[in-house]
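Notes for the one structure printed next.
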Amino acid sequence: MSSEITSPAAGLPAVSVIGLGQMGSALAGAFLTAGHRTTVWNRTQAKADALVRRGAARADSVAAAIEASELVVVCVLDHVAVRELLDPEAGLLVGHTLVNMTSGSPEQARENAAWAARHGFAYLDGGIMTTPPGVGHPASMILCSGSPAAFAEHRGTLAALGDPVGLGEDAGLASLYDTGLLGLMWSVFAGWLHATALVGADGVPARAFTPLAIRWLTTVGGFMDTYAPQIDAGRCPGDDATVDVQLAAVNHLLEASRDRGIDTRLPELHRELMAKTIAAGHGQDSYARVIEQFRGA
Ligand code: NAP
């Protein structure tokens with residue numbers, strides 16, 4: 001974290017940040033860097049010290065943090081901690097917007113939105129699609145769902161954290177997208193690590209293979225763009241490549257893995273998904289048809 005002292009820029013909205021773990025501290029730091037008057041509170045008070053040295057105002061209580069700013073951001077461990085902290089202060093939140101950047105389930109986000117509606121304050125649920133060092137980078141997605149009016153009003157302030165992406169009124173969507181996108185990340189990591197182990201068995205260093213892997217992901221993104229409308233339409237014509245053809249290719253991956261003593265669980269899963277798609281009569285469809293295997297589960 002930068003130790004540079006920052007002064008609030010005239011005219012920028014004030015922000016309060018409740019929760020100063022690794023992520024909350026990064027959020028508060030980004031608001032300070034952007035020039036917002038930033039008030040901070042954390043259960044363990046010492047974690048506010050570095051931010052106070054940079055110009056943040058220290059709140060002595062959760063209530064004082066809420067009262068300091070119309071926009072209140074909370075980022076603590078989990079949903080239980082959010083409600084433990086804020087349930088007793090729900091009355092004070094009336095007239096404020098609460099942005100909950102704490103990870104949770106879509107159901108918890110919807111429960112929070114209903115709780116906010118009962119008390120009469122605006123609620124946005126957030127998904128931070130980066131780690132603390134990426135907070136404040138314009139490419140980092142900050143997913144937001146909930147009150148469209150609150151999103152429109154605070155989008156400019158939230159832009160201090162990255163690129164705010166509005167997902168609409170259903171407060172559960174930021175968590176749902178966040179969870180799905182993390183699943184995608186782990187699948188990509190697993191595929192990359194399996195492939196890196198495969199080429200590594202023949203002496204190729206990870207740093208030689210990885211630039212090509214990254215280029216390949218751009219091409220794969222193009223395939224996804226082609227397949228998404230097919231999934232929505234329920235029609236998956238195998239105009240570019242069929243599942244039949246890809247089953248043959250995955251067998252090469254399995255053999256090459258076995259020959260090198262590389263774990264085969266991942267290619268076996270791919271083969272099973274494709275084989276079941278073919279058994280269901282869709283061998284001539286595009287790979288998009290494999291979605292039925294996940295829906296079936
Ligand atoms: P962290 O460094 O472990 O910080 C946890 C924070 O929660 C601390 O401020 C802690 O206060 C507070 N807390 C925990 N239980 C509390 C309670 N019962 N009452 C009051 N405060 C409580 O975690 P983090 O990395 O900042 O993560 C915070 C949230 O951001 C999590 O939901 C996480 O999933 C999400 N997130 C993190 C990342 C990341 O890369 N780190 C990325 C995206 C989303 P004390 O300091 O007093 O312990």
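For ligands, and for the atoms within them, numbers begin at 1 and follow the listed sequence. All values below were derived from every heavy atom in this structure, side-chain atoms included, with hydrogens, water molecules and symmetry-related copies excluded.
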### Query
Got a donor-acceptor contact below 3.5 angstrom from the Arg260 side chain to the Ala256 backbone?
yes

### Query
Backbone N or O of Thr130 within a donor-acceptor pair of the Ser140 side chain at under 3.5 Å?
no

Pair up each side-chain donor or acceptor in residues 111-118 with any protein partner under 3.5 Å, not counting sequence neighbours, and list the distances.
| residue | atom | partner | partner atom | Å |
| --- | --- | --- | --- | --- |
| Asn112 | OD1 | Arg83 | NH1 | 3.1 |
| Asn112 | ND2 | Tyr123 | OH | 3.0 |
| Trp115 | NE1 | Asp87 | OD1 | 2.8 |

### Task
Answer yes when Arg110 and Asp125 have at least one side-chain N-carboxylate O distance shorter than 4.0 Å, and no when they do not.
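Looking at Asp125 together with Arg110, the answer is no, because their closest N to O distance does not fall below 4.0 Å.
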
Tabulate below the donor-acceptor pairs under 3.5 Å that side-chain atoms of residues 223-230 make, not counting sequence neighbours, or state none.
| residue | atom | partner | partner atom | Å |
| --- | --- | --- | --- | --- |
| Thr226 | OG1 | Gly222 | O | 3.2 |
| Tyr227 | OH | Asp240 | OD1 | 3.4 |
| Tyr227 | OH | Asp240 | OD2 | 2.9 |
| Gln230 | OE1 | Ser286 | OG | 2.7 |

### Task
Return each pair, listed once, that meets ring pair (Phe, Tyr, Trp, His ring centres under 6.0 Å) where at least one residue sits in residues 19-77; pairs must be two or more places apart or across chains.
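Ring pair (Phe, Tyr, Trp, His ring centres under 6.0 Å) check on residues 19-77 returns Phe31-His36.
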
In a simple table, one pair per line, please give the protein and ligand 1 atom names for every N or O pair closer than 3.5 Å, along with the distance.
| residue | atom | partner | partner atom | Å |
| --- | --- | --- | --- | --- |
| ligand 1 | 2 (O) | Gln22 | N | 2.9 |
| ligand 1 | 7 (O) | Leu77 | N | 3.1 |
| ligand 1 | 9 (O) | Leu20 | N | 3.3 |
| ligand 1 | 9 (O) | Gly21 | N | 3.1 |
| ligand 1 | 9 (O) | Asn42 | OD1 | 2.7 |
| ligand 1 | 18 (N) | Arg43 | NH1 | 3.4 |
| ligand 1 | 18 (N) | Glu84 | OE1 | 3.4 |
| ligand 1 | 26 (O) | Gln22 | N | 3.1 |
| ligand 1 | 26 (O) | Met23 | N | 2.8 |
| ligand 1 | 32 (O) | Val76 | O | 3.2 |
| ligand 1 | 32 (O) | Leu77 | O | 3.0 |
| ligand 1 | 32 (O) | Ser103 | N | 2.9 |
| ligand 1 | 34 (O) | Ser103 | OG | 2.7 |
| ligand 1 | 46 (O) | Asn42 | ND2 | 2.9 |
| ligand 1 | 46 (O) | Lys47 | NZ | 2.6 |
| ligand 1 | 47 (O) | Arg43 | NE | 3.0 |
| ligand 1 | 47 (O) | Thr44 | N | 3.0 |
| ligand 1 | 47 (O) | Thr44 | OG1 | 2.5 |
| ligand 1 | 48 (O) | Arg43 | NH2 | 3.0 |

